[in-house]
Amino acid sequence: MTAEFGAFCLILALTLSLAQTGFGAVGRLRDSALLSGAAQGAAIGATLGLLLGFGALILAFWTSDFSLAVVAANSHVDKPALYKVAGAWGNHEGSLLLWCLVMAGFGAILAGARGLNFRLKTSAVAVQGALTTLFLGFTVLTSNPFERLAEAPVSGAGLNPLLQDPALAIHPPLLYGGYVGLSVCFSLAVAALIEGKAGSGLWPAWGRWIRPWALASWALLTVGIALGSFWAYYELGWGGWWFWDPVENASFMPWLAAAALLHSAVVTERRGALAGWTTFLAILAFSFSMLGAFLVRSGVLTSVHAFAVDPERGMALLAIMGLASGAAFALFAWRAPKLTPGGAFAPVSREAALVLNNLFLTVAAATVLLGTLYPLILEAATGQTISVGPPYFALTFTPLMTAMALILPAGPLLAWKRGDLRGVGQRLALAAGLSIAVGLAALALWSPREALTALGAAIAAWLVLGAISEMADRVRLFRAPAAEVGRRAKALPLSAWGTTLAHLGLGVFILGAAVETGLKTETQAILPVGGEIVAGPYVAKVERVGVIEGPNFLAERATFNVRTVDGAAARTLTAERRFFPVGGQTTTEVGLDFRGLDDVYLTVGERATTADGQRGWSVRMAHNPLARLIFLGPALMALGGLLSLMDRRLRVALPGRRRKAATA
């Protein structure tokens, strides 16, 4: 009965999403509050239906109901309970259902919110309902997770061992929250284009409304991408944290577009300017999300991150993306010339700095898009296979981000409409001097061959010190009594603190990425028990190797003694090579020794024979300096986004809060 109940919930949710679209559209045409309320009720009902359906799917995985095809293909009786639950979204059908649930839930929040123009909100609810209908219809018709098998297997095929990890249990929900959160920005943009009232005062309110959605989506994408990167770093065993894999790029492009949207929306809210550009970015950001869904699920990519599905379903996803994005961009092309240009601003102003920021971010997203799709297009057109990897992105993406980082600290210090460039230069002079000193010191400490690494350290210092300088200027640090500084700091909105923290986090990330990439040392050897290997300032000695039995795997576990070259700070570390009998797959469990901000990275491979004929194992060791900062930086950026969301000016005004405020 679980499968039948879940299938019923999906059909019910699809019907209610269709009703949400119809009630919203007709309510907008007739200016009917009654029909608008019906659309809100349908949105809530669709969310509840999907929530019950997704709960039924989790229950099927929890109870190992192998009569369902998706459970039989992605679970096993011996799989740990956590991964049984995570298996519900560790496959194409289940993850698509999660996508629809998040999309419907955000639609319900949008429908129940207050404070926005009635027609604009009603149109947005209708568009969000149409998006939910498209994806939910695709799920029901081509990817139903509640399809039964004629004969249920006894134990199931099991989940991909690489996905049996705690980080991967929470990575997809966070990533989908970011992906699908951009659908609300898309719906609000299409609704604004439908209204299209130039000079009506609509755009500042619209910009204020779209900002929290863009901010929440960007923050969730930041955490999701960082978590996925950390998983690849310690689970795949190849020693890196980013490879410019096409599926990695599929999540990175919406992040870049969301970052541009977030900055552009500030100008639209504050000055009523860049309305057309902001709507374009809102459409583009969710279009990138849909492109990512297509790339991951179409079968055109071979990646550990991709779901292997048949091309027919991939073409259906491509059709959904073409319909939704094509209609939105066509509407934009029709309406954009009529949109208000907003307030004028000088070439030196905060608006101009944000426009320049947007330019670099969007061109960077375009370079990532080209590097991702060009090999696929070339192969489809000519049959020729090429690989576009790190060298291409180092030559195209890195210079753009470097230029953006150089102007970033100046933006918040410039005034709206017309800024004082000389005054900004004076306030950032100390930060600039210290950043140059950091770069020169790094160059002297390392070597002229590490000039790019030293440049990265200088840029990182510039971002961190620039963010600190901007906040110090706001509170008049060193220029006012301590009591006055404290009063100003307390009076600052949380969004100001969030912006500073996000910019500072970007600097921390760049420092970690530059130093880890430029100064990483790695060695590989075949070692017997008692053998030693050296990487950077650390030595690892193989103490013993034994076989252990896990809940659903067998493993060879190597125990290492890790110490500095001079014999100090010895620690014990283990690394494993696991074999999963169900599926016959072998995985690597990395041994990570956190040494302050550095990592000592150890993997053990297949058995081999040493040069003197002893039995040994292939061991790879790496010293990754400042690798912790690579993941700390995004955490600070996401925390900055959360702080900004807590700002009362960016809160979504839900009905309960409005009633409470009215009572007060």
Side-chain angles (χ1 to χ4, degrees), residues 222-223 225-227 229-230 233 239-242 244 252 255-256 259 357 360-361 364 390 393-394 397-412 428 430-472 498-522 536-537 592 594-601 622-641:
T222 302
V223 177
I225 293 171
L227 197 59
S229 174
F230 186 58
Y233 176 67
W241 51 273
W242 192 262
W244 294 105
F252 192 41
W255 186 90
L256 290 168
N357 164 286
F360 285 122
L361 285 171
F393 294 102
F397 180 82
T398 304
L400 291 167
M401 289 296 97
T402 299
M404 189 206 72
L406 290 176
I407 66 168
L408 190 62
L428 289 175
L430 179 59
L434 291 176
S435 302
I436 294 172
V438 167
L440 293 175
L443 192 61
L445 178 64
W446 298 327
S447 72
R449 292 179 300 176
E450 306 300 339
L452 290 178
T453 305
L455 177 62
I459 292 172
W462 167 243
L463 286 171
V464 171
L465 295 171
I468 295 173
S469 298
E470 185 257 334
M471 185 52 64
T499 299
T500 298
L501 193 58
H503 290 174
L504 189 147
L506 179 61
V508 170
F509 165 78
I510 290 176
L511 178 60
V515 173
E516 194 274 344
T517 302
L519 302 182
K520 175 180 179 177
T521 56
E522 185 175 4
L592 272 179
F594 302 142
R595 299 275 179 160
L597 297 177
D598 296 358
D599 283 350
V600 177
Y601 190 99
H623 169 235
N624 301 332
L626 300 191
R628 298 291 92 207
L629 299 184
I630 295 172
F631 309 106
L632 176 62
L636 292 175
M637 294 162 68
L639 181 59

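- Phe397 and Phe252 have their aromatic ring centers within a separation under 6.0 angstrom.
- The shortest side-chain heavy-atom distance between Phe360 and Thr402 does not fall under the 4.5 Å cut-off.
- Atom CE of Met637 is separated from atom CG of Leu501 by 10.0 Å, given to the nearest 0.5 angstrom.
- Considering only heavy atoms from C-beta on, Asn624 comes within 4.5 Å of Lys520 through its side chain.
- Listed here is the closest heavy atom pair of Leu465 and Ala431: CB-CB, 3.8 Å.
- Here Ser435 contributes atom OG and Leu440 contributes atom CG; the two are 11.0 Å apart, rounded to the nearest 0.5 Å.
- Looking at heavy atoms from C-beta onward, Pro634 lies out of side-chain contact with Val223 at the 4.5 angstrom threshold.
- Rounding to the nearest 0.5 angstrom, the gap separating the OG1 atom in Thr453 from the CD atom in Glu516 is 10.5 Å.
- Using a 4.5 Å heavy-atom threshold, the side chains of Val600 and Leu592 count as separate.
- Listed here is the closest heavy atom pair of Gly466 and Pro409: CA-CB, 3.9 Å.
- The minimum heavy-atom distance between His503 and Pro412, with the atom names listed, is CE1-CG, 4.1 Å.
- The shortest non-hydrogen separation linking Ala442 to Ala457 is CB-CB, 4.5 Å.
- Counting heavy atoms of neighbouring residues, nucleotides and ligands inside a 6.0 Å radius, atom CD1 of Ile407 exceeds 12 of them.
- The line from CG of Asp598 to CG of Leu626 is 5.5 Å long, rounded to the nearest 0.5 Å.
- Looking at Asp599, its side chain never comes within 3.5 Å of a backbone N or O of Phe594 through a donor-acceptor pair.
- Taking every heavy atom of both residues into account, Leu629 and Gly512 meet most closely at CB-CA, 3.7 Å.
- Atom CG of Leu504 sits about 6.5 Å away from atom CG of Leu636, to the nearest 0.5 Å.
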TODO: Please test Asn357 against Leu408 for side chain to side chain contact (heavy atoms under 4.5 Å, CB included), starting from the C-alpha separation and ending with a verdict.
DONE: CA-CA 7 Å; Asn357 164 286; Leu408 190 62; 3.9 Å; yes
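- Not a single donor-acceptor pair under 3.5 Å links the side chain of Tyr601 to the backbone N or O of Glu522.
- Between Trp242 and Ile630, every side-chain heavy-atom pair lies at or beyond the 4.5 Å cut-off.
- Across all their heavy atoms, Ile459 and Ala405 have their closest contact at CG2-CB, 3.7 Å.
- No donor-acceptor pair under 3.5 Å is formed between the side chain of Ser229 and the backbone N or O of Ile225.
- Between Leu428 and Trp462, the closest side-chain pair of non-hydrogen atoms falls below 4.5 Å.
- Ring pair Tyr233/Phe631 is tilted by interplanar angle, where 30° to 60° counts as tilted.
- In this structure, the separation between CG on Leu506 and CD1 on Ile510 is 4.0 Å, given to the nearest 0.5 Å.
- A heavy-atom distance below 4.5 Å is not found between the side chains of Ser469 and Leu430.
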